[in-house]
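Every chain is numbered from 1, with letters handed out A, B, ... down the list of sequences.
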Amino acid sequence: MTIQPVMEYNFNEIEKKWQQYWIDNKTYKVTIDPDKPKFYVLDMFPYPSGAGLHVGHPLGYIASDIYSRYKRLNGFNVLHPMGYDAYGLPAEQYAIQTGQHPAVTTENNIARYREQMDKIGFSYDWSREVKTCDADYYQWTQWAFIKMFEHYYDDDAKKAMPIAMLIEHFEKNGTDGMNAAQTEKLNFSAHEWKGKTEKEQQEILLNYRLAYLADTMVNWCPALGTVLANDEVKDGFSERGGHPVEQKRMRQWLLRVSAYAERLLNGLETIDWSDSLKEIQRYWIGRSEGAEMVFPVKDSEVEMKIFTTRADTVFGVTFMVLAPESELVQQVTRPNHQKEVADYLEQTKKRTERERQAEVKKVTGVFTGAYAINPLSKVEIPIWISDYVLAGYGTGAIMAVPAHDSRDFAFARTFNLPIPQVVVPKGEEPADTSAWSDSIDSKEGTMINSGFLDGLSVPEAIEKTKKHVAEKGIGQVKVNFRLRDAIFSRQRYWGEPFPVFYKEGMPYMLKADELPLQLPEVDKYLPTEKGEPPLARAKGWQTQEGYPLEVNTMPGFAGSSAYYLRYMDPQNKQELVSSEANQYWQDVDLYIGGTEHATGHLVYSRFWNKVLFDLGKVCKDEPFKKLVNQGMIQGRSNFVYRVKGSNQFVSLNLKDQYETMEIHVDVNMVHNDQLDIEAFRAWNPEYKDAEFILEDGKYFCGWAVEKMSKSMFNVVNPDTIVEQYGADTLRLYEMFLGPLEQSKPWDTNGIDGVHKFLRKVWRLFINKEGHLSISDEKASPEELKVLHRTIKKTADDVERFSFNTAVSSFMICVNDLNDLKCNKREILEPLLVLLAPFAPHVTEELWQRLGNTQSICDAQWPVFNAEHLVESSILYPVSFNGKMRFKLELPAGLSKAEIEKAALQNEQSLKWIEGQQVKKVIVVPGKIINIVVG
RNA sequence: GCCCGGAUGGUGGAAUUGGUAGACACGCAGGACUUAAAAUCCUGUGGCCAUUGCGGCCGUGCGGGUUCAAUUCCCGCUCCGGGUACCA
């Protein structure tokens with residue numbers, strides 16, 4: 001590194017100085033101030049991993065920091081906090097391997113994260129820091145869980161209600177007239193309810209509570225020794241670690257997220273998130289409107305209830321299919337088919353989730369020997385069992401329409417079932433289905449072979465069938481959701497303990513004054529010999545009365561579901577957040593984070609918030625008003641080319657002359673794709689005596705975009721950049737790299753450009769001797785135009801999160817001021833304010849040198865004055881047939897006709913018109929002139 | 001398979017409502033300053049043709065279309081990235 005002369009821009013010294021100043025003066029501490037409008041800017045808080053921050057993490061933090069500072073300069077009281085999602089699997093895995101307490105490693109990692117963040121100059125109010133593993137914080141996670149246990153969802157009121165009201169209802173009317181979200185449909189009278197034991201009653205109530213215990217099929221990950229939520233599983237493997245996941249039946253805590261499906265869906269209409277993110281959530285929630293229809297089973301009392309979105313195709317049904325797990329399987333199977341069915345069930349049970357995923361195309365199934373009766377056509381149709389029907393969706397049973405559903409089609413072909421066509425696409429004739437290789441689309445077309453529906457269009461037929469079915473009492477219109485309840489138990493140590501104890505095997509909640517229930521110490525972070533979770537190892541893990549405490553812990557998303565509320569009032573000992581603080585800060589105005597949380601955190605926290613909203617604890621139904629996704633920073637790897645069988649390395653453009661091997665090199669010893677040969681020799685003893693075949697005395701490396709990871713040697717640390725170029729350069733460069741939302745590789749090739757820019761800024765103020773050289777002369781119209789153009793552009797760009805173009809506009813401005821040799825205070829002082837959100841350190845320094853005694857954070861955003869941009873003349877591009885040919889300077893304010901006349905009379909136009917006729921002239925005043933000839 | 005994004009010079013990218021394609025920056029080439037280097041500054045830089053000046057033609061993944069005018073709108077395709085996957 002070169003040594004900076006004193007008078008030059010010395011970023012190391014400046015940044016240290018101002019970071020200390022901000023701490024000493026509590027510059028970023030924020031309190032409730034009713035005289036100012038609030039603005040809440042939030043980053044998704046990080047999980048503090050052992051690897052520290054790499055250069056990709058701060059991308060969103062820098063963007064949100066710029067926005068926060070910008071809002072503050074515009075007079076807002078800005079809440080901009082940060083904390084840590086401190087519970088998680090990696091710390092626990094590390095603890096299992098090393099025996100070190102996860103609290104210790106987590107604390108170390110947090111310290112490292114903090115140190116790295118501090119070097120970048122963020123404007124976080126650290127006095128509001130939240131760590132999810134602090135008892136002071138997780139007390140409120142436990143509290144919220146108790147509230148969920150104590151409430152159920154009323155489908156009529158469309159909100160959460162106290163469970164006491166449900167009990168009251170049961171005592172008066174039983175289940176009659178009650179409309180609550182539930183796991184299983186129950187029917188009992190008030191008399192029956194009163195006749196039950198407490199244990200039985202408690203079991204029944206679990207069917208309704210928002211937090212409940214139930215036997216369910218869970219995603220069990222043997223390698224991690226725990227269950228996982230749906231969003232933690234990708235393609236049959238755990239998202240963290242990539243271990244296989246299988247289905248297993250277990251008694252677990254769940255959150256009744258599905259009760260809020262409709263509200264979670266509708267809420268999306270009211271918030272400003274990207275369309276793609278909303279689309280992901282819509283799909284995940286998966287609303288579908290259809291009909292529930294009843295098919296009687298022949299020679300039996302049993303009725304099969306099915307769900308379909310295409311009731312109109314009911315005349316095309318040739319068989320029924322039950323999910324293997326369906327309760328009806330036992331009821332309908334005929335004695336002479338018992339063995340085949342039992343064999344099939346055994347066989348499907350053995351197939352893991354992974355195999356089912358991998359063999360989607362493999363069709364399996366078994367006939368039950370029973371027949372159902374089509375309620376419309378009265379035709380008898382066979383009932384089959386197949387694992388392509390899911391127990392968890394709809395009713396676990398379907399009516400199969402093979403001609404118009406590809407899965408039903410494949411099944412019918414495999415088992416030789418009839419395939420009658422019932423919908424004919426527009427402009428086509430009925431076809432011979434035996435010639436088809438797949439089902440045909442039936443979203444549009446005309447009904448055939450469908451009794452009273454014949455000749456109707458698909459939408460007409462759907463309506464008519466629904467009506468018919470409702471009138472005849474065969475079924476009802478029904479809405480189904482794909483969204484599942486969230487499994488909330490983890491068989492792990494490093495998470496929030498449940499505030500739960502057991503009496504006669506039934507769960508009960510601790511009292512509010514018994515919280516927090518602290519995470520106990522254990523001798524090992526492993527399951528017990530009996531296979532119980534690690535907390536079962538804790539000594540005295542029971543209540544004072546001796547009741548055993550829950551041994552599962554909460555999942556990762558528990559702690560992140562309400563942290564944004566805690567930041568509003570982080571030290572409150574009485575409540576999660578006071579109503580005063582909540583009324584003032586309300587909700588998050590801007591949330592920045594990665595799109596990977598689309599189906600996890602961003603669903604759970606919306607759910608959690610809605611529950612608290614229903615309980616009157618928070619004032620907003622939706623927690624995150626606007627959300628911006630930052631793109632991922634990918635790695636950019638560098639390669640050297642070793643000549644095979646030698647210790648010789650050949651530069652990129654000469655490598656084709658040799659037989660070479662591509663080897664990853666650490667990108668930190670490559671600059672602009674040029675290898676630092678000395679660093680390379682020192683990197684690894686193997687390369688100590690390496691020889692090089694150079695181009696023009698330089699060694700050029702090849703490159704590729706890959707994941708940022710240690711093994712590719714392409715991890716870049718923000719601290720390295722800060723040391724070399726300064727935090728202000730890092731901030732500007734990360735923004736300059738491209739649009740915030742776009743994923744892009746980290747590439748330092750352009751960083752010199754932004755660093756050079758900051759030095760140019762410095763020199764506008766400071767002369768070669770290192771003294772302030774500033775003039776109080778009145779600014780020229782030209783200088784004012786440059787400034788005001790930049791004020792407008794910067795504000796517009798920041799408002800629409802186009803930070804890369806904002807940086808460009810600063811560069812243009814500084815280049816222009818350089819050309820004008822401008823060193824006037826009237827111009828340079830406001831310019832500093834514009835730049836302050838992007839480069840807070842250097843602007844503070846120059847601001848102070850200009851004689852200001854207050855931090856630039858509290859300056860005022862300059863007022864834009866359009867008058868300075870008024871032009872007396874306009875340089876018109878003149879096009880012929882749409883092609884720009886020359887430019888014509890005309891006075892501003894001419895009429896269309898005058899502009900047209902001037903353009904046609906111009907000497908240069910004659911050449912382009914020559915020999916042709918002017919057919920038309922288009923004039924857009926202030927923009928363009930287009931002359932059509934031919 | 002389905003849904004959503006994207007594709008612009010050697011590179012990152014700009015063009016906000018259909019109106020001058022390539023702003024800004026990197027890299028590269030040449031020059032100034034210097035004993036030399038670094039730093040700094042100046043000039044050029046989409047491709048092809050012409051180069052004596054002017055200039056001309058092509059060009060925003062590919063093929064069509066709408067329009068006076070298309071990177072921008074419409075139709076059909078290719079490739080890349082993300083989400084999701086038996087959801088009836």
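Look at the C1' atom in both B:rC57 and B:rG18: the space between them is 25 Å, to the nearest Å. When the P atom is used for both B:rC33 and B:rA38, the distance is 15 Å, rounded to whole Å. Comparing the same atom, P, in B:rC26 and in B:rG81 gives a spacing of 30 Å after rounding to whole Å. Going from the C1' atom of B:rU78 to that of B:rC62 covers 7 Å, rounded to whole Å. On the P atoms, B:rG55 is 38 Å away from B:rG6, given to the nearest whole Å. Comparing the same atom, P, in B:rU60 and in B:rU84 gives a spacing of 36 Å after rounding to whole Å. Taking atom P in both B:rG63 and B:rA70, the straight-line distance is 16 Å, to the nearest Å. Between B:rG46 and B:rC42, the distance separating the two C1' atoms is 23 Å to the nearest Å.
RNA chain B forms stems at B:1-7 with B:78-84, B:10-12 with B:24-26, B:27-32 with B:40-45, B:46-49 with B:55-58, B:61-65 with B:73-77, each a run of 3 or more consecutive Watson-Crick or G-U wobble pairs whose two key distances fall under 3.5 Å.
In this structure, A:M293 and A:T308 have side chains that are in contact, with non-hydrogen atoms separated by less than 4.5 Å. Counting only heavy atoms from C-beta outward, the side chains of A:Y725 and A:I751 approach each other to under 4.5 Å. You'll find the side chain of A:D405 stays beyond 4.5 Å of the side chain of A:T313, heavy atoms only. When side chains are defined from C-beta on, A:K785 counts as touching A:L869, because their heavy atoms get closer than 4.5 Å.
Side-chain proximity of A:R800 to the nucleotides B:rU16, B:rA88, B:rG19 is greatest for B:rU16.
Using a 4.0 Å heavy-atom distance criterion, A:I280 is classed as a sugar-phosphate-only contact. Using a 4.0 Å heavy-atom distance criterion, A:K919 is classed as making no nucleic acid contact.
Glycosidic torsion of B:rG9 falls within 90° of 0, placing the base in syn.
Taking only distance into account, the side chain of A:K793 meets the base of B:rU16 through a donor-acceptor pair shorter than 3.5 Å.
Whole-Å rounding puts the A:L602 CG to B:rG83 C1' distance at 14 Å. With rounding to whole Å, A:K756 atom NZ is found 9 Å from B:rA25 atom P. Rounding to whole angstrom units, OH of residue A:Y733 and P of B:rA25 are separated by 14 Å. Taking atom CH2 of A:W284 as the reference point, atom C1' of B:rA85 lies 11 Å away to the nearest angstrom. Counting to the nearest Å, the P atom of B:rU84 and the CZ atom of A:F481 are 20 Å from each other. Atom P of nucleotide B:rC2 and atom CG of A:D405 are separated by 14 Å, given to the nearest angstrom. As a whole-Å value, the separation of A:D796 CG from B:rU17 P is 12 Å. Rounded to whole Å, atom P of B:rU16 lies 13 Å from atom NZ of A:K792.
A:I398 pairs with exactly one of A:F307, A:F319, A:Y388 by the side chain to side chain contact (heavy atoms under 4.5 Å, CB included) rule, that one being A:Y388.
The side chain of A:S288 places an N or O atom within less than 4.0 Å of a non-bridging phosphate oxygen (OP1 or OP2) of B:rA88. A sub-4.0 Å separation between OP1 or OP2 of B:rC41 and a side-chain N or O of A:R763 is present. Contact annotation: A:Y283 side-chain N/O to B:rG83 OP1/OP2 distance is not under 4.0 Å. Contact annotation: A:R759 does not reach the phosphate of B:rA39 (side-chain N/O to OP1 or OP2, under 4.0 Å). Contact annotation: A:K883 reaches the phosphate of B:rC58 (side-chain N/O to OP1 or OP2, under 4.0 Å). Regarding contacts with the backbone of B:rA69, every side-chain N or O of A:R885 stays at 4.0 angstrom or more from both OP1 and OP2.
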Next item on the list: Using a 4.0 Å cut-off on protein heavy atoms (strictly under), produce a 5'-to-3' string for nucleotides 4-13 of chain B with B for base contact, S for backbone-only sugar-phosphate contact, and - for none.
Entry: S-------BS
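A:F810 is linked by a ring-ring contact (aromatic ring centres under 6.0 Å, His included) to A:F838, counting only residues two or more places apart in sequence or in another chain. For A:E292, the side chain to side chain contact (heavy atoms under 4.5 Å, CB included) partners are A:K305, A:T395, A:Q476, A:K478, not counting sequence neighbours. Qualifying ring-ring contact (aromatic ring centres under 6.0 Å, His included) partners for A:Y733, counting only residues two or more places apart in sequence or in other chains: A:W746.
Of the two residues near RNA chain B, A:N930 and A:R484, the one whose nearest nucleotide lies more 5' is A:N930. Mapped onto RNA chain B by nearest heavy atom, A:D819 and A:G753 fall at different nucleotides, with A:G753 at the one closer to the 5' end.
Here side-chain hydrogen bond (donor to acceptor under 3.5 Å, both in side chains) pairs that include residues 805-815 of chain A, with residues two or more places apart or in two chains, are A:K760-A:N815, A:D797-A:T805, A:S802-A:T805.
Ring planes of A:H597 and A:H601: perpendicular class, angle over 60° (limits at 30 and 60°).
Counted by atom type alone, A:T729 and A:Y9 present zero donor-acceptor pairs between their side chains at under 3.5 Å.
A salt bridge links A:R287 to A:E289: at least one charged side-chain nitrogen sits closer than 4.0 Å to a carboxylate oxygen.
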